[in-house]
Amino acid sequence: MAINRYRQLITPQRTMQSMPGIVISKRDTDKFVIYNSDKMRLDTIAGDVYGDDLYNWLILLANPEYPLEFDIPNNTVIRVPFPINDVVTEYEQKVVSLKNK
């Protein structure tokens with residue numbers, strides 16, 4: 001489950017850290033979806049593409065021009081980074097890199 005993988009976002013004092021501003025790189029294997037808020041949500045897209053609806057936040061990181069799902073206009077082509085294992089590895093490496101700065 002995705003939640004367990006990112007426990008480092010909670011400090012030992014049990015306070016929540018903010019998500020770092022990370023952008024997911026473009027890949028030739030990325031998928032593209034025409035977004036329609038009347039018919040879909042990012043969690044359902046993540047569930048369809050990744051088999052896990054908890055990865056919806058990765059879709060937002062791949063589309064940084066939209067800070068929130070509600071900012072995405074209808075009929076916008078959004079990028080869904082793929083494959084998930086590569087995307088998660090990239091994210092984790094970028095988090096570690098930010099922590100080491």
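- Residues F70 and S37 fail the side-chain proximity criterion, which asks for heavy atoms closer than 4.5 Å.
- Residues meeting the side chain to side chain donor-acceptor pair (under 3.5 Å) test with Y35, sequence neighbours left out: E69.
- V77 forms part of a hydrophobic cluster together with F32, I34, judged by ILVMFWY side-chain heavy-atom separations under 4.5 Å.
- With sequence neighbours left out, the side-chain contact (heavy atoms from CB on, under 4.5 Å) criterion links D38 to N36, N74.
- Checked against salt bridge (charged side-chain N to carboxylate O under 4.0 Å, His left out), D30 has the following partners two or more places apart in sequence or in another chain: R79.
- Annotation for I59 and N63: closest pair O-ND2, 2.7 Å, computed over non-hydrogen atoms.
- With sequence neighbours left out, D53 forms a salt bridge (charged side-chain N to carboxylate O under 4.0 Å, His left out) with no residue at all.
- Residues passing the salt bridge (charged side-chain N to carboxylate O under 4.0 Å, His left out) test with E90 are R27, K94, sequence neighbours excluded.
- Partners of V23 under the side-chain contact (heavy atoms from CB on, under 4.5 Å) rule, at least two apart in sequence or in another chain, are P64.
- In this structure, D48 has no side chain to side chain donor-acceptor pair (under 3.5 Å) partners at least two apart in sequence or on a different chain.
- V49 places none of its side-chain heavy atoms less than 4.5 Å from the side chain of Y55.
- Side-chain contact between L68 and L60: absent, with no pair of heavy atoms (C-beta onward) separated by less than 4.5 Å.
- With sequence neighbours excluded, the residues forming a side-chain contact (heavy atoms from CB on, under 4.5 Å) with P67 are D71, listed by chain and number.
- Evaluation of the salt bridge (Lys or Arg N to Asp or Glu O under 4.0 Å) test over residues 57-68, restricted to residues two or more places apart or in two chains, returns none.
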Please list, one pair per line, the donor and acceptor atoms closer than 3.5 Å that link side chains of residues 81-89 to other protein atoms, with sequence neighbours excluded.
| unit_1 | atom_1 | unit_2 | atom_2 | d |
| --- | --- | --- | --- | --- |
| T89 | OG1 | N85 | O | 2.9 |

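- V95 places a side-chain heavy atom less than 4.5 Å from the side chain of I22.
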